[in-house]
Amino acid sequence: MGDSLIKGRGMAPGKTTSTAMVCNQYISPLGEMSKSGVISSGLCEGRSFSDKILIFKGGRGSTVGSYVILELKNKNLAPSGIINETAEQVVLTGAIISEIPMIDQIPIDIFVDGDTIEMDGKKGTVEIKNAVLKDIATVFLIFKGKLLVLKRSSKVSSYPDMYGGVSGYVEEGERPEETGARELREECDVSDARLLRKGELVYVRHENTLFRITPLLMEPKDDSIKLNWENSQYFWVSFDELSRFETVPKFKEAFKELTRP
Amino acid sequence: MFLTPDEEKIFDGESGEAKKIAIRLLYSLGELGNAEKLIPIKSAHVSGVSYKNIGDGGLKFLKKISTPVSVPTTLNPLGFDLTGDGPVNIDEHFREKQLEIIRAYMDMGVMESFTCTPYYFYNEPSFGDHLSWAESSAITYVNSIIGARTNRESGPSALAAAIIGKTPDHGMHMENNRKAKLIIKTNRKLEYSELGALGLYIGYNGKGQIPLIKGQKGAKDFEIKALAAAMGAASSSPMFHVEGVTPEAHLVADDASVLDVEEDQIKETMNKYAGDETPELISIGCPHLSVEELNYIASLVHGKKKIGPDLFLFTNRKVKERAAGAVKVIEDFGGKVFVDTCMVVSPLSNRYQKSATNSGKASFYLPLKEYGNQKIAFKGILEMLKWVIA
């Protein structure tokens, strides 16, 4: 377990701790954030955001939107913090002039409605107080253009019977690369693979656990695999065949990102 | 972001509190866009005028940031027509607050344009000019149709840029960021309100990317304006290209993806807002009408007898002056032509609950609860006029 802070980009300074309200949508502050502090269209229609940490994809619509946020603040009906996937100028200006902490470049699917969130808009850090952060290393093993896909055993604690890579918890004092090599030995009896690429961190939320995954692209000397109890089957699959497997969350996306030229 | 020594001084407050707030806002937005420096701008256009939109919080901010602007700066519409009455009655409190907001802008030397189409006669940019404009429809218009360069500025950030005379150099100011990343294929020529529907459709489905629209050769500027306004409302993309029409349509990214827009999708988008109930009001002019559009509408109602719902048209003062003949025809018919305001920023629901419009942008804002509060019918001009021509 590492420290439980997630790092995004600090956009408007200030610290706050409050309850998360997650809206998987773009929002035009003008028109879609009502004068009484309620979202008036889309998935979050009818819900009040006052004093909450409002988490949405990003802003859109009228350039007057910044003033809408300021006026909400003026009436004590504004959100206490804002988190966006990608910030744009209208919402950010609103946050700055209203002195509301704001952070972007954080995937919003790691938050759940009702989470208690502590954020620092200057440092760009977010902590989900009710979730435990666990560091994982996942090896994407490729050999002659094919990817190793493991069927997880029905006895494992998370995502049983789904398909994934070679994964394990990063232990105290271990680097993710070391975890990857160790898991490869334990789960597949492969000890001679070399690291081709280390990907950007991927976050996956599962109930009250937040997995922080380091994807590792590795290549063995041959295709021999010997499974232990953690997995029940393995397949070497082409990129096209991968789409047919029901994989663990963000597996395909992470692989795509890892193999981007 | 790198600031020159002179800019540093402003940042540190040596030129006063207002300029300090302005440059600090520009600095933060420059950081957002990974800009390296501020660049001079030719003009600014500022939104955030109607008291309905900015409230007391906005008024306080305007007073805090009050200092003269340093480039020609135009202003968006407000909540009523300053030259006469209407479009709806407002209470004395609203009127007083609105006038106070106007005074705050006038004190800063901002022009009395009160329009979302300042590019008609007030503030006419040229190809390649760097600007700092707010008002989503105008931003999209000047980037796309004129080829001038502005990011999607908010009301306060455009005002900050007007004060400093500069804007952070990033985003739409750089040619590389003006390339289409999405190619939209259409299979027949669309008319004004259908282009508005296309704008909404792209806004909802275009992932905020700059689109190149194919299949609309010969579209007129005022028709493209409808597309600009609707897309500006429903997305955060500040620009589009139209093949054979807009000046930078050759800018296409190598990895642009393709989206076919079929007849059904345009119809569906229009039907989403298409109430068939007779409205109490037909409003046209979002964005504000051009001389050409007023002449066209005048030709449709010339010598006819008016029945049914009210007919309100919205434009700016200079357009109204230059289209005086058309305005007389429309007023003789029984319609009204307002300036300084529009159906979106005036408190329309003080009097009307059901309105019809040909504007994709207005169709986005008018139905929203606690904002427009309207039952809306989104239709073409010819269809709407059937309600009012005997």
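Each chain gets a letter, A, B and so on, in the order its sequence line appears, and its residues count up from 1. Note that these values count all heavy atoms, side chains included, but never hydrogens, waters or copies made by symmetry. Since this is a predicted model, take the numbers as computed values, not measurements.
Residues of residues 51-65 of chain A having a heavy atom under 4.5 Å from any heavy atom of chain B, listed by number: A:G59, A:R60, A:G61, A:S62, A:T63, A:V64. For residues 75-87 of chain A, a heavy-atom distance under 4.5 Å to chain B picks out A:A87, given by residue number.
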*Step by step, work out the side chain to side chain contact (heavy atoms under 4.5 Å, CB included) result for A:E71 and B:I54.*
CA-CA 6 Å; A:E71 177 63 356; B:I54 76 167; over 6 Å; no
*Determine, stepwise, if the pair A:S28 / B:Y365 fulfils side chain to side chain contact (heavy atoms under 4.5 Å, CB included).*
CA-CA 10 Å; A:S28 167; B:Y365 287 112; 3.7 Å; yes
*asked:* Using side chain to side chain contact (heavy atoms under 4.5 Å, CB included), reason through A:Y67 and B:L62 one step at a time and then give a plain yes or no.
replied: CA-CA 10 Å; A:Y67 286 113; B:L62 290 179; 3.7 Å; yes
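Your options are B:P367, B:S235, B:G203, and the one with the most heavy-atom pairs under 4.5 Å with chain A is B:S235. Among B:E153, B:R152, B:K369, the residue with the largest count of heavy-atom pairs under 4.5 Å with chain A is B:R152. When A:S41, A:A12, A:S36 are compared by the number of non-hydrogen pairs under 4.5 Å with chain B, A:S36 comes out ahead.
Counting only distance, with no hydrogens or angles, the side chain of A:Q89 and the backbone of B:S154 share no donor-acceptor pair below 3.5 Å.
Residue B:K60 touches chain A through its side chain alone, counting heavy-atom pairs closer than 4.5 Å. Contact of B:A134 with chain A is made through backbone and side chain together, with heavy-atom distances under 4.5 Å. For a residue to count as touching a neighbouring chain, one of its non-hydrogen atoms must lie under 4.5 Å from one of that chain's; by this rule A:L30 touches chain B with backbone and side chain alike. Contact of B:L59 with chain A is not made at all, since no heavy-atom distance falls under 4.5 Å. With a 4.5 Å cut-off on non-hydrogen atoms, A:E32 touches chain B through its backbone and its side chain both.
Atom NZ of A:K122 has 12 or fewer neighbouring heavy atoms from other residues, nucleotides or ligands inside a 6.0 Å radius. Residue-environment remark: NZ (B:K97) exceeds the threshold of 12 foreign heavy atoms within 6.0 Å. The environment of A:K15 atom NZ is sparse: at most 12 non-hydrogen atoms of other residues, nucleotides or ligands sit within 6.0 angstrom. The environment of NZ in A:K250 is crowded: more than 12 heavy-atom neighbours from other residues, nucleotides or ligands sit within 6.0 Å. For A:E99, the CD atom is loosely surrounded, since the number of other residues' heavy atoms within 6.0 Å does not exceed 12.
In this structure, the separation between CG on B:L159 and OG1 on A:T93 is 11.5 Å, given to the nearest 0.5 Å. Here CD1 of A:I97 is found 12.0 Å from OG of B:S28. Values are rounded to the nearest 0.5 Å.
Between B:N53 and A:V68, the shortest heavy-atom distance links the atoms O-CG2, 3.9 Å. A pairwise comparison of heavy atoms in A:K35 and B:K52 identifies NZ-O, 2.6 Å as the closest pair. Annotation for B:G57 and A:L70: closest pair O-CD2, 3.3 Å, computed over non-hydrogen atoms.
Judged purely by distance below 3.5 Å, without hydrogens or angles, the side chains of A:S40 and B:E370 never pair a donor atom with an acceptor atom.
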